[in-house]
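Comments concern the structure below.
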2 protein chains.
Amino acid sequence: MTRISPLAQATGSDADGGFAVDVRTVLLSVIDGGLKVAALPDADGWQLPRGVPLPSLPLDAAARMLLAETTGLQEDYLEQLYTLHVRDGDAWIILISYLAIIAAGTGSPGTEATWIDTRSVGFSEVDRMVLDYAIVRLQAKLGYTTIAFHLMPERFTLTELQDVYETVLAMALDKRNFRRRILAANMLEQLDETRRDGSHRPARLYRFRADHDPRAFLTPQWADGV
Amino acid sequence: MTRISPLAQATGSDADGGFAVDVRTVLLSVIDGGLKVAALPDADGWQLPRGVPLPSLPLDAAARMLLAETTGLQEDYLEQLYTLHVRDGDAWIILISYLAIIAAGTGSPGTEATWIDTRSVGFSEVDRMVLDYAIVRLQAKLGYTTIAFHLMPERFTLTELQDVYETVLAMALDKRNFRRRILAANMLEQLDETRRDGSHRPARLYRFRADHDPRAFLTPQWADGV
DNA sequence: CCAAAAGTGTTCTCGATACACCCATGT
DNA sequence: ACATGGGTGTATCGAGAACACTTTTGG
């Protein structure tokens with residue numbers, strides 16, 4: 001293996017010592033009509049759930065474990081975002097970021113963690129960039145994957161689904177066009193049940209079709225742990 | 001920072017020692033009508049250029065340096081692909097992969113490295129996966145970015161540009177539709193010159209417009225080294 | 001009968017595709 | 001004159017966007 005010269009020999013923290021590695025996960029959910037991120041309290045604000053991965057477990061397993069330990073939640077979807085190299089005090093760390101998604105109503109984050117609105121959360125500059133990138137990725141994937149599946153309960157109405165799309169995309173959508181596109185995409189299965197909700201016509205219930213792989217395109221087919 | 005428990009304390013190669021990190025770069029170019037990858041000889045075949053990054057330099061700088069050292073070439077475009085966690089003998093390494101692009105005719109790789117056709121190169125399983133993912137990314141980006149810019153010399157004909165698209169996409173394209181789309185995309189600037197090439201009508205020369213950012217979408221706006 | 005959300009169709013525009021012939025040059 | 005690659009236009013189709021009224025229920 002090539003040792004990148006000339007500086008590698010001169011530093012004390014290269015391959016001899018190894019690198020400091022930090023996994024951070026952006027856990028998103030749509031709650032109370034807002035896009036929320038799971039955050040932990042911090043000296044002056046909030047921070048993303050983070051941790052040092054185990055050397056012999058795949059990185060995505062580390063992302064899952066750290067979510068379990070900091071929030072007590074088990075995500076429904078996980079994908080790697082990007083790897084940064086950032087300054088941490090006077091050292092440098094390699095920061096591997098993940099996007100995780102959990103359906104609303106699956107439970108509240110544990111002791112320390114809280115759901116905070118993504119628009120107002122007080123993160124460090126790095127955490128803010130990672131969060132913004134996670135949101136952009138999620139928005140893009142709504143368009144060409146079934147990733148929205150992981151934001152919904154098992155059964156839902158088309159209006160509820162549209163509300164989630166509108167919250168994540170931060171824009172209003174036309175009801176008729178939305179329904180036509182969603183149904184044409186063949187992701188959904190219509191149920192026989194309806195839900196009575198208030199003093200108006202009941203809504204038909206749907207669920208996502210079982211035979212659908214919601215991972216696609218941006219994420220390589222092979223995952224970690226090869 | 002959360003130490004992911006319980007195993008982290010039990011192992012000897014966690015944050016105390018740090019992680020083994022390996023940067024690998026897929027350097028692609030279109031040469032002699034084929035999509036080629038820069039490869040280095042290996043015990044039983046070929047391998048991607050690789051190296052251990054410097055701890056205090058951004059990761060993309062490490063990818064650039066390792067290309068310079070192994071191939072002597074300076075890439076025209078670089079973007080991070082994905083971070084894997086792979087077994088290396090009995091240890092695990094964190095493998096950060098990059099996609100790099102260089103224009104044809106910029107020079108031949110140095111002493112050890114060679115351009116090998118991507119379809120037939122004898123890589124390890126991991127290098128093969130990284131290469132395949134790099135190609136998929138490049139193919140996708142041809143469609144919605146000006147990344148093709150980096151595969152072309154400064155001035156070129158529309159037929160040369162179409163040949164590069166066809167090589168990367170591994171499919172034939174309709175000449176009239178290709179020209180209409182490319183010109184409609186407003187990436188190109190028509191030059192006054194033409195090029196006489198053989199016993200046929202000379203071709204008009206084009207170049208890419210200066211005011212174009214070829215990075216977009218999949219790569220976050222912020223790079224490494226924050 | 002009224003309020004409130006559910007549900008439904010048509011028109012238009014634009015981008016993508018399929019497809020075949022004339023043009024300028026060198027030999 | 002002919003061989004060779006350069007260059008052009010039109011018809012069709014499908015996806016996406018704009019847009020308003022009827023239906024069903026509870027109170």
Side-chain angles (χ1 to χ4, degrees), chain A residues 30 32-33 104 139-146 148 152-153 155-207 216-217, chain B residues 30 32-33 104 139-146 148 152-153 155-207 216-217:
Chain A
V30 173
D32 296 336
Q139 288 173 337
K141 285 210 161 181
L142 277 189
Y144 58 87
T145 69
T146 56
M152 306 301 297
R155 300 180 308 155
F156 50 86
T157 69
L158 290 181
T159 300
E160 287 167 347
L161 183 61
Q162 181 174 348
D163 286 345
V164 166
Y165 269 76
E166 291 184 343
T167 299
V168 174
L169 296 175
M171 65 185 289
L173 299 173
D174 180 85
K175 198 202 308 197
R176 287 163 290 185
N177 293 335
F178 178 79
R179 288 168 183 236
R180 181 159 354 100
R181 279 213 320 269
I182 282 289
L183 295 176
N186 218 33
M187 309 175 175
L188 298 187
E189 189 177 340
Q190 196 182 56
L191 300 178
D192 284 336
E193 290 171 86
T194 56
R195 178 191 297 159
R196 262 175 304 267
D197 195 25
S199 61
H200 53 82
R201 176 171 176 174
R204 168 138 263 130
L205 289 176
Y206 292 79
R207 71 173 164 215
F217 280 58
Chain B
V30 174
D32 296 335
Q139 288 174 335
K141 286 209 162 183
L142 277 189
Y144 59 87
T145 70
T146 56
M152 305 301 296
R155 300 181 306 157
F156 49 86
T157 69
L158 290 182
T159 299
E160 287 168 348
L161 183 62
Q162 181 174 347
D163 286 345
V164 166
Y165 269 75
E166 292 184 342
T167 299
V168 174
L169 297 175
M171 65 186 288
L173 300 173
D174 179 86
K175 198 202 306 198
R176 285 163 293 184
N177 294 336
F178 177 78
R179 288 168 183 237
R180 194 191 356 264
R181 279 213 321 268
I182 282 289
L183 296 176
N186 218 32
M187 309 175 176
L188 297 187
E189 189 177 339
Q190 196 183 56
L191 301 178
D192 285 336
E193 290 172 85
T194 56
R195 179 190 297 159
R196 263 177 301 268
D197 197 23
S199 61
H200 53 81
R201 177 171 175 175
R204 168 137 262 130
L205 289 176
Y206 291 80
R207 70 174 166 213
F217 280 59

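Every chain is numbered from 1, with letters handed out A, B, ... down the list of sequences. Keep in mind that the numbers below use all heavy atoms, side chains included, and drop hydrogens, waters and symmetry copies. Just so we're clear, the structure is a prediction, and the values are computed from it rather than from any experiment.
- Annotation for B/Met152 and B/Val164: closest pair SD-CG2, 3.5 Å, computed over non-hydrogen atoms.
- The CZ-P distance, from B/Arg201 to C/dA24, rounds to 5 Å in whole Å.
- The shortest heavy-atom contact between B/Ala148 and B/Leu142 is CB-CD2, 3.7 Å.
- Projected onto DNA chain D by closest heavy-atom contact, A/Pro202 and B/Arg179 fall at different nucleotides, the more 5' of which corresponds to B/Arg179.
- Applying the salt bridge (charged side-chain N to carboxylate O under 4.0 Å, His left out) test to A/Arg155 and every residue at least two apart in sequence or in another chain returns A/Glu193.
- Residue-level contact check: B/Arg204 touches the backbone only, with heavy atoms under 4.0 Å from sugar-phosphate atoms and none from bases.
- Screening A/Leu191, A/Leu188, A/Asp163 against A/Phe156 for a side chain to side chain contact (heavy atoms under 4.5 Å, CB included) leaves a single residue, A/Leu188.
- In this entry the distance linking CZ of A/Phe178 with P of C/dG7 reads 12 Å, nearest Å.
- By the side-chain contact (heavy atoms from CB on, under 4.5 Å) test, B/Asn177 is found to be paired with B/Asp174, B/Arg180, residues two or more places apart in sequence or in another chain being considered.
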Show me the side-chain donor-acceptor pairs of residues 195-202 of chain B shorter than 3.5 Å, one per line, residues at least two apart or across chains.
residue, atom, partner, partner atom, Å
B/Arg195, NH1, B/Glu160, OE1, 3.4
B/Arg195, NH1, B/Glu160, OE2, 2.3

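- A/Thr159 meets the side chain to side chain donor-acceptor pair (under 3.5 Å) test with A/Arg179; sequence neighbours excluded.
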N/O-N/O pairs, protein side and nucleotides 12-17 of chain C side, under 3.5 Å:
residue, atom, partner, partner atom, Å
C/dT17, OP2, B/Arg181, NH1, 3.3

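- Bracketed by its first and final contacts, the part of DNA chain D lying under 4.0 Å from non-hydrogen atoms of chain B reaches from D/dA3 to D/dT10 in 5' to 3' order.
- Partners of A/Arg176 according to the side chain to side chain donor-acceptor pair (under 3.5 Å) rule, which considers only residues two or more places apart in sequence or in another chain, do not exist here.
- A/Leu173 meets the side-chain contact (heavy atoms from CB on, under 4.5 Å) test with A/Gln162, A/Tyr165, A/Glu166, A/Leu169, A/Met171, A/Phe178; sequence neighbours excluded.
- Within residues 155-176 of chain B, the residues approaching DNA chain C are B/Asp174, B/Arg176, by heavy-atom distance under 4.0 Å.
- In this structure A/Gln139 satisfies the side chain to side chain donor-acceptor pair (under 3.5 Å) test with no other residue, sequence neighbours excluded.
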